[in-house]
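Presented below is the structure to which this report refers.
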Amino acid sequence: MADVPSDAPEHCPGTSSDQAGKSSACQGCPNQNICASGAAKAPDPGIHAYISIWLLKLVSSVALLDVDICGPSIPKIMGLEGEQVHQSGSGWSPVYVEDNLAVMSIGFLLSSPDDAVIWRGPKKNGMIKQFLRDVDWGEVDYLIVDTPPGTSDEHLSIVQYLSGAGIDGAVIITTPQEVSLQDVRKEIRFCKKVKIPIIGVIENMSGFVCPKCKNTSQIFPPTTGGAQRMCEELNLPLLGSVPLDPRIGRSCDEGKSFLTEVPDSPAAVAYQNIVQSKSSKPQQASLY
Amino acid sequence: MQQNKRKLNKGNLHQVKHVVLVLSGKGGVGKSTITTELALALIHAGKKVGILDVDLCGPSIPRMLRVGKPEVHQCDAGWVPVYADPQQQLAIMSIGFLLEDSDEAVIWRGPKKTALIGQFVSDVAWGELDVLLVDTPPGTSDEHLAVLENLRKHRVDGAVLVTTPQAVSTGDVRREITFCKKTAVKILGIVENMSGFVCPHCSECSNIFSKGGGEELAKLTGSVFLGSVPLDPLLAASLEEGQDFLQAFPDSSTYTAISQIANTLLSSLDA
């Protein structure tokens, strides 16, 4: 059978099979999905979108699930505002950016940009369960889950509901600042408690190169050594550092792919390196 | 005894003149930064201020004000807040003080968070305060509902909404505005944070997180635009070290921006 990865479990149905990710043989398969989590004390929500887009260069299909129920940004960033979710016999259909990049977010279920989702934990959990159970994702190599900041209902629910299917790991996102690292250490403890391997840490907003004079400024100074020192202390891989680029914010706001618009930006190059290193080493997630 | 306790509980907010929520839709836009700087600006204007930090999963206030991990004591009226200064002008309560290990994750679902926030609102002996600022986590969920429910007996003057200039951020703030309308919380104004960066080498201003979103949002929704705070590495560094930025850099444009916002806010509270 073609396309059975070398690290797949016995009886793997093959990554492009209908049963990919669903058969009991898929339990624990390292190619099934990646859960991307983040202590997003970082106002650039594009990271998961960009990781998804870059992954597509390496695999057949990617799905992006936005479980930030109160603040769903993914539709806007992916240029999908106003799109609707359709129901069919096989469930809800996700919204496709490309044929092989599927997205689901509560943003698609709101009728107006002013609609607030003022829900307590149980209702948010119910929505997440529906996203996982009722969306017809089809065949997917990677499922990336964008979570809100914190360690609460959304995070516990995602872990609980995906426990049967298996989570490859978490990607932790931080800025260089201690106020961000302080929260991210809690995210790391969370992962340890619920036994999610950590694939690595990405440091976002890591320096800014002035477009005029080309000098670098540390707008968010790494007063306690940034992500690098934290990763050394906690023995975690630092997947990469993404610098600040005003064009990222603009692309997010316009729903365009920054990676396509400005492929030579240092930030785009950083993303490329991160994805290439991450997708080639799924087994090296740290389990401490 | 029970009657006395009830009387005392009512009294915990009784001497708090104004209560202001600091909200945002998105994480990472600088709510805690703005809360901290507003508190410091109000103190420099001679006010007594309290900060209630209800971001249970990510409590940033203790570090930003360099209060470390002091013990929280009890008195007859309830919990004694931690004071950031010897003159007791700035009182703080945060779950950060209750964690033995600062890296410990608070992995609680909604109901448990709601219960602790209830205690924070009713059982902290704030004493006399001109303004109590409530720093919230991003979103419109358990914490926000819990704060409002517990503040129902007491007046909430309103909310300050923090955004960056980006549409992705203002998009979420529109939802916060809806939240405020639905819960009858007055919107005192919008603050645009991370509004441009002036390169220290060549003075070129770069709009790293886009431009103008906060002001546009204020116009669109008929809200007051309180002002913009630029991206300032000196501010970021001060917060990291728990230093009083306003005292250290009174000549900076960031100081001017923050002071103006604080003054506008005070005028609207006292009006």
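No hydrogens, no waters, no symmetry mates; every other heavy atom, side chains included, goes into these values.
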Residue [X] versus chain B: region with a heavy atom under 4.5 Å:
X: A:Lys124; answer: side chain
X: A:Cys210; answer: side chain
X: A:Leu156; answer: both
X: A:Asp114; answer: both
X: A:Ile69; answer: neither
X: A:Ser217; answer: side chain
X: A:Gln218; answer: backbone

Requested in this report: Just say parallel, tilted or perpendicular for the rings of B:Phe209 and A:Phe220, cut-offs at 30° and 60°.
Outcome: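 The arrangement is tilted - the two ring planes meet at 30° to 60°.
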Is it the backbone or the side chain of [X] that comes under 4.5 Å from a heavy atom of chain A, or both, or neither?
X: B:Lys211; value: neither
X: B:Leu99; value: side chain
X: B:Phe179; value: both
X: B:Thr33; value: neither
X: B:Asp103; value: both

ask   = Among A:Ser112, A:Gly121, A:Pro211, which residue forms the greatest number of heavy-atom pairs with chain B at distances under 4.5 Å?
value =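 With the most close heavy-atom pairs to chain B, the winner is A:Gly121.
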Subject >> Charged N-O contact under 4.0 Å between B:Asp101 and A:Arg189 >> reply: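 A salt bridge is present here (some side-chain N lies under 4.0 Å from a carboxylate O).
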